[in-house]
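On a predicted model such as this, the values are computed, not experimentally measured, just so you know.
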Amino acid sequence: MSFGRHQPDDWEYDDTDWLAQADEPTRASTAVDTVVGQDPSGVVSVSSTFDAEVVSVALADNWRQVIDPRQLHVGVVAAANAATMLALGKKLESADLEGTDQLQAAPGYDDSPLSSQDITRLLDEVTAGLNAFTQQLTAIADQTVTAESPGRNVSGTAQRGQILQLSLDPNWASAARNSEIETELASLLATLQSKSTPTDLAGGPRSRAIDELNGLASNPQLLLRRLGLGS
């Protein structure tokens with residue numbers, strides 16, 4: 001069987017219910033900021049938000065002339081993980097800018113003196129918050145999650161937001177419309193990403209004490225004043 005000769009428009013399909021309910025192709029644009037990861041061959045593109053939530057998958061129109069459909073899963077894994085890394089970079093960049101803006105916009109920040117008891121209390125609360133977050137993170141960090149696409153043509157595993165492995169039906173990949181493949185892949189990747197990175201932990205450890213300590217660490221002059229060491 002030759003995988004590269006099929007033309008998608010020459011085939012007839014029995015669309016499943018989940019596919020028929022799709023309002024728009026996965027190529028549809030979104031209003032949120034996104035990054036796009038690609039595989040080395042450039043035939044697979046995965047778009048995700050800055051929070052690494054998969055938005056869409058796009059295949060080059062001629063992808064079957066570039067790669068064997070039996071190797072499509074390799075390109076998808078590479079593109080998905082590239083998008084995750086780009087999203088992480090954007091997330092860190094946004095966090096740095098947000099912290100700077102908040103600091104500059106808060107001239108009335110608490111500058112009351114810190115006693116030794118205040119410092120001990122603050123450090124104890126921060127330590128407790130970090131320990132609680134670490135326990136939650138450890139519980140899920142080393143778990144390998146599995147998922148299957150709605151059409152059951154693709155399955156995969158992930159860990160810590162990274163796609164470890166994908167398996168797909170090569171006969172389906174060689175014959176199905178690009179839009180069908182894109183929709184099914186996007187659904188699977190989104191599920192794997194969600195299951196392997198719980199949203200309540202994605203933002204890192206947060207508490208009033210941690211925010212207060214971060215604020216002090218970001219403003220050395222304020223810290224010195226509150227410790228009675230500055231003018």
Side-chain angles (χ1 to χ4, degrees), residues 18 21-39 44-59 73 75-105 126 129-130 132-150 154-166 181-215 217-218:
W18 67 270
Q21 293 173 357
D23 293 331
E24 296 290 341
T26 57
R27 295 176 186 268
S29 60
T30 62
V32 298
D33 292 326
T34 60
V35 295
V36 179
Q38 286 190 318
D39 70 313
V44 183
S45 300
V46 175
S47 298
S48 71
T49 68
F50 288 0
D51 290 323
E53 298 174 351
V54 174
V55 174
S56 65
V57 173
L59 300 177
H73 64 287
V76 175
V77 170
N81 289 336
T84 297
M85 295 306 296
L86 289 172
L88 178 59
K90 288 293 186 180
K91 183 76 171 178
L92 293 175
E93 180 182 322
S94 298
D96 289 342
L97 292 174
E98 181 180 353
T100 301
D101 291 343
Q102 290 178 346
L103 187 61
Q104 295 175 345
V126 168
L130 291 175
F133 178 81
T134 299
Q135 290 177 356
Q136 290 179 285
L137 192 60
T138 300
I140 61 96
D142 295 326
Q143 290 184 0
T144 298
V145 301
T146 62
E148 188 175 49
S149 64
V154 193
S155 61
T157 61
Q159 186 180 79
R160 303 179 187 179
Q162 292 288 305
I163 307 301
L164 300 179
Q165 174 268 338
L166 288 181
I181 299 173
E182 291 166 345
T183 300
E184 200 156 337
L185 285 172
S187 177
L188 173 67
L189 293 177
T191 299
L192 287 172
Q193 191 279 335
S194 176
K195 291 177 66 175
S196 62
T197 54
T199 55
D200 57 339
L201 301 181
R206 294 298 303 270
S207 70
R208 183 199 60 78
I210 291 175
D211 290 344
E212 182 178 354
L213 185 61
N214 285 336
S218 300

Who passes side-chain contact (heavy atoms from CB on, under 4.5 Å) against Ala78, sequence neighbours left out?
Asp39, Pro40
With sequence neighbours left out, write down each residue that passes side-chain hydrogen bond (donor to acceptor under 3.5 Å, both in side chains) with Ser149, or none if nothing qualifies.
Glu184
Tightest non-hydrogen contact, residues Gln143 and Gln159, listed as O-CG, 3.5 Å
Given side chains that start at C-beta, do those of Thr84 and Leu88 come closer than 4.5 Å, heavy atoms only?
no
Given Leu59, Val57, Val154, the one that forms side chain to side chain contact (heavy atoms under 4.5 Å, CB included) with Ile181
Leu59
Sorted by chain and residue number, the side-chain hydrogen bond (donor to acceptor under 3.5 Å, both in side chains) partners of Gln38 (sequence neighbours excluded) come out as Ser45
Partners meeting side-chain contact (heavy atoms from CB on, under 4.5 Å) with Val76 (sequence neighbours left out):
Val44, Leu72, Leu166, Leu185, Leu189
Short side-chain to backbone donor-acceptor contact, Thr191 and Ser187, under 3.5 Å:
yes
Counting N and O atoms only, with roles assigned by atom type, does the side chain of Ser196 sit under 3.5 Å from a partner on the main chain of Gly161, one being a donor and the other an acceptor?
yes
Work out which heavy atom in Phe50 is nearest to a heavy atom in Asp33; give both atom names and the distance.
CZ-CB, 3.6 Å
Could you check if a side-chain atom of Gln193 sits within less than 4.5 angstrom of a side-chain atom of Glu53, using non-hydrogen atoms only?
yes
Partner set under side-chain contact (heavy atoms from CB on, under 4.5 Å) for Ala83, not counting sequence neighbours:
Val46, Ser48
Within this structure, what is the CG-OG1 distance for the pair Leu188 and Thr183, rounded to the nearest 0.5 Å?
12.5 Å
Could you pull out all residues at least two apart from Thr157 that satisfy side-chain contact (heavy atoms from CB on, under 4.5 Å)?
Thr144, Thr146, Leu164, Gln165
Of all heavy-atom pairs linking Ile163 and Val77, the shortest is O-CG1, 3.7 Å
